[in-house]
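Structure first, then comments.
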Amino acid sequence: SKMVNSITGFSNHPTGNQIITNVYIYLDVHPDDYQVGDKKYNMEVLDDNWDTSEETVRYDVPTSGLSSGRHTIYVQAIDSRGYKGPVSSKFIDIPAQNSNLRGSP
């Protein structure tokens, strides 16, 4: 595995081969800004096992309580050593009186 030192003054740590242990979805809050009470969901691993460095996950975000308009979904994985992966994001648009989602890049 590669050695990464992303912050001066902190020791290098191996990355790239650890088992993924969880993937979280954050709704309208970046993971770095998350506080208790914000919307955060655990994604489901499709093969029922968190046992590899690559996993296929899913989660259906409930839209019934969301206000109409644009929202941001952030996704971040955590590996077996507790390291947080990069954050991915996507906009979703909630229509005024419909629970169908429309994503945009």
Tyr59 with Val45, same ILVMFWY side-chain cluster at under 4.5 Å: yes

- Should Lys40 and Ile25 count as side-chain neighbours, where that means a heavy-atom distance under 4.5 Å? no

Of all heavy-atom pairs linking Trp50 and Met43, the shortest is CZ2-O, 3.6 Å

Nearest heavy-atom approach of Ser68 to Pro95 is CB-O, 3.7 Å

Residue pairs meeting salt bridge (charged side-chain N to carboxylate O under 4.0 Å, His left out), one or both in residues 43-64, sequence neighbours left out, come to Arg58-Asp60

Rounded to the nearest 0.5 Å, the CD1 atom of Ile78 sits from the CD1 atom of Ile19 at a distance of 15.0 Å

Self-check item: Cluster overlap Phe91 with Val29, hydrophobic side-chain contacts below 4.5 Å
Solution: no

Review point. Can you find a heavy atom in the side chain of Ile92 that is under 4.5 Å from one in the side chain of Ile73?
Key: yes

Side chain to side chain donor-acceptor pair (under 3.5 Å) pairs touching residues 20-35, sequence neighbours excluded, are Asn22-Tyr24, Asp28-His71

On a heavy-atom basis, the closest approach of Gln76 and Gly85 is NE2-O, 2.8 Å

On a heavy-atom basis, the closest approach of Ile20 and Ser53 is CD1-O, 3.3 Å

Minimal heavy-atom distance between Ile94 and Ser67, with the atoms involved, is CB-O, 3.7 Å

- Message: Membership question, hydrophobic clusters at under 4.5 Å side-chain separation (ILVMFWY): are Val87 and Tyr41 in the same one?
- Response: no

Can you tell me if Gln18 uses its side chain to pair, donor with acceptor, with the backbone of Ser80 under 3.5 Å?
no

Would a 4.5 Å heavy-atom cut-off, applied to side chains only, mark Val23 and Val75 as touching? yes

